[in-house]
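Down below is the structure, laid out as structure tokens.
In this text, all values refer to a predicted model and were calculated from it rather than measured experimentally. Values below: all heavy atoms of this structure, side chains included; hydrogens, waters and symmetry mates excluded.
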Amino acid sequence: MTWLSNLFNFLGLSLLRLFAFLPYFITIYVGYALGWLAAHIPNSRSRVVKTNLRLCFPSLTEKDIDALALEHWKLFGRSVVERSRVWLGTRKQILAFVSISSEIDLGDKKPRILVNPHFVGLEGGFMAFSALSARNHWPNGVGLYQKMKNPLFNQKMVQWRDRFGGQSIERQHRLRDLLRELKSGNVAIIAPDIDLGPQDSIFVPFFGIQTSTVDSVSRLAKLTNAEVNLMTTTLNKDRKGYTCHISKPLPNFPSDDPEKDTARLNQYIEELVRERPAEYYWVHKRFKHRPPGEPSLYD
């Protein structure tokens, strides 16, 4: 019903505005509480998280899996509430809890693709990069996004993400737009570690499992002669904020073999996940689609 949808939208926007301007430590603890609650309420996503962890860390005991799943849910809950500050906060508010550490000169105007894996700080890293681009004379960051089912929140999210000069491009069938932006000198920020189905994807190993993975990074880099860097946003040791680290260019990337390139990217991401397993987006069905003849891993 329209009135119910309008009420939901009003309440959702009000909560976002509230948390955007509350003291940051309150945001953190509310997020932890919501994550703890989600971990203890039986739901399909809780089963997905534990299935992913069992598949990727087969040597862990069930007790270890439960503890890692709980820690993940707390960090995921925190990141969800933090998006209020990421999407609605000022440039100063965002940079107060997300910093950029780069091994390259981001103002050198080279064609560049930043591979931004799905860690809980992903959205904060994108927005911190965007917030600093105009101030530091960097090219704009152009990122892909998954369209939301709620039209109002989809429109608002794009508006909020682009308010510092960045650009959000809908993920589905819009690689041509991304190609144009790369050729114009902007930086493409891509999170390729998501199962989008068989179209534009290939099966390559991730944690020893054949995983449907988009191969667009290799193809775009080849078409635009772009260098490819890892962009990883992770919690600081004191857990009071995040650092978005941008690596040196990946060596000999791209090659003439998109499949090998995509497998290499998965290997790089796997190494990062092993360092910080609780921070990865285990709520996604990373292994949803299977090679022909293989059963579902989530039944």
Side-chain angles (χ1 to χ4, degrees), residues 15-16 18-40 49 53 56-57 60 63-104 106 114-133 135-136 138 141 160-161 164 189 191 193 229-248 268-284:
L15 283 173
L16 282 171
L18 172 65
F19 284 114
F21 297 100
L22 283 176
Y24 182 50
F25 76 91
I26 294 178
T27 300
I28 292 174
Y29 285 108
V30 169
Y32 285 158
L34 291 176
W36 184 94
L37 189 62
H40 287 85
V49 168
L53 292 174
C56 295
F57 302 101
L60 294 183
K63 184 178 180 181
D64 292 334
I65 293 291
D66 288 344
L68 185 53
L70 176 59
E71 181 64 12
H72 166 70
W73 273 113
K74 289 169 65 178
L75 295 179
F76 180 75
R78 169 181 174 167
S79 73
V80 169
V81 180
E82 282 174 330
R83 288 187 188 184
S84 60
R85 190 169 296 252
V86 168
W87 286 342
L88 292 172
T90 64
R91 180 184 277 106
K92 182 178 180 180
Q93 282 179 304
I94 294 169
L95 297 178
F97 76 101
V98 186
S99 61
I100 302 285
S101 171
S102 179
E103 297 184 55
I104 58 173
L106 291 167
L114 302 181
V115 175
N116 192 16
H118 277 84
F119 286 90
V120 293
L122 171 146
E123 193 71 18
F126 177 85
M127 289 303 299
F129 182 92
S130 181
L132 283 171
S133 292
R135 179 186 297 178
N136 295 342
W138 299 343
W160 295 331
R161 290 181 96 218
F164 297 126
I189 301 176
D193 53 329
N229 314 74
L230 296 175
M231 177 182 184
T232 313
T233 306
T234 53
L235 274 172
N236 297 331
K237 288 183 178 180
D238 62 8
R239 292 200 162 197
K240 293 181 179 178
Y242 299 82
T243 296
C244 176
H245 180 261
I246 298 172
S247 75
K248 294 178 181 178
Y268 283 123
I269 294 170
E270 179 180 332
E271 291 169 359
L272 292 168
V273 173
R274 289 186 182 278
E275 293 174 7
R276 297 171 176 268
E279 294 183 45
Y280 195 61
Y281 261 51
W282 299 114
V283 293
H284 285 168

Begin with the C-alpha distance, continue with both residues' side-chain angles, and end with the deciding distance and a verdict on side-chain contact (heavy atoms from CB on, under 4.5 Å) for Leu230 and His245. CA-CA 8 Å; Leu230 296 175; His245 180 261; over 6 Å; no
Which atom pair, heavy atoms only, marks the closest approach of Ala128 to Val98? CB-CG1, 3.5 Å
Which residues pass the salt bridge (Lys or Arg N to Asp or Glu O under 4.0 Å) test with Glu103, sequence neighbours left out? none
Using side-chain contact (heavy atoms from CB on, under 4.5 Å), reason through Phe97 and Lys240 one step at a time and then give a plain yes or no. CA-CA 7 Å; Phe97 76 101; Lys240 293 181 179 178; over 6 Å; no
Treating Asn116 as the side-chain partner and Ala191 as the backbone partner, does any N or O pair qualify as donor plus acceptor under 3.5 Å? no
With side chain to side chain donor-acceptor pair (under 3.5 Å) as the criterion, how do Tyr24 and Gln93 come out once you've worked through the C-alpha distance, each side chain's angles and the decisive distance to 0.1 Å? CA-CA 9 Å; Tyr24 182 50; Gln93 282 179 304; over 6 Å; no
Test of ring centre spacing under 6.0 Å for Trp138 and Phe129: yes
All side chain to side chain contact (heavy atoms under 4.5 Å, CB included) counterparts of Glu123, not counting sequence neighbours: Arg83, Val86, Trp87, Arg161
The criterion is side chain to side chain contact (heavy atoms under 4.5 Å, CB included); which residues satisfy it with Ile26, sequence neighbours excluded? Leu22, Pro23, Val30
Can you check whether Val120's main-chain N or O pairs, donor with acceptor, with Arg78's side chain at less than 3.5 Å? no
Apply side-chain contact (heavy atoms from CB on, under 4.5 Å) to the pair Leu106 and Asn136, showing each step before the final yes or no. CA-CA 9 Å; Leu106 291 167; Asn136 295 342; over 6 Å; no
If we only count heavy atoms from C-beta on, is the Val81 to Leu34 side-chain gap below 4.5 Å? yes
More than 12 heavy atoms from other groups under 6.0 Å of OH on Tyr29: no
Shortest non-hydrogen contact from Met127 toward Trp160: CE-O, 3.7 Å
Note: Thr234 and Glu279 closest approach over all heavy atoms is CA-OE1, 3.4 Å
Shortest non-hydrogen separation from Pro117 to Thr232 and the atoms involved: CD-OG1, 4.4 Å
Can you tell if the side chain of Trp282 reaches within under 4.5 Å of the side chain of Val273, non-hydrogen atoms only? yes
So CG of Leu60 and CG of Leu68: to nearest 0.5 Å the spacing works out to 7.0 Å
Contact between Ile269 and His118 at the side-chain level, heavy atoms closer than 4.5 Å - yes or no? no
Using side-chain heavy atoms (C-beta onward) and a distance below 4.5 Å, is Leu132 in contact with Arg135? yes
I need the minimum non-hydrogen distance between Pro277 and Phe57, along with the two atoms involved. CB-CZ, 3.9 Å
In this structure, which one of Phe76, Trp73, Tyr281 forms a side chain to side chain contact (heavy atoms under 4.5 Å, CB included) with Val49? Trp73
Minimum-distance pair of heavy atoms, taken over all atoms of Thr233 and Gly121: CG2-O, 3.1 Å
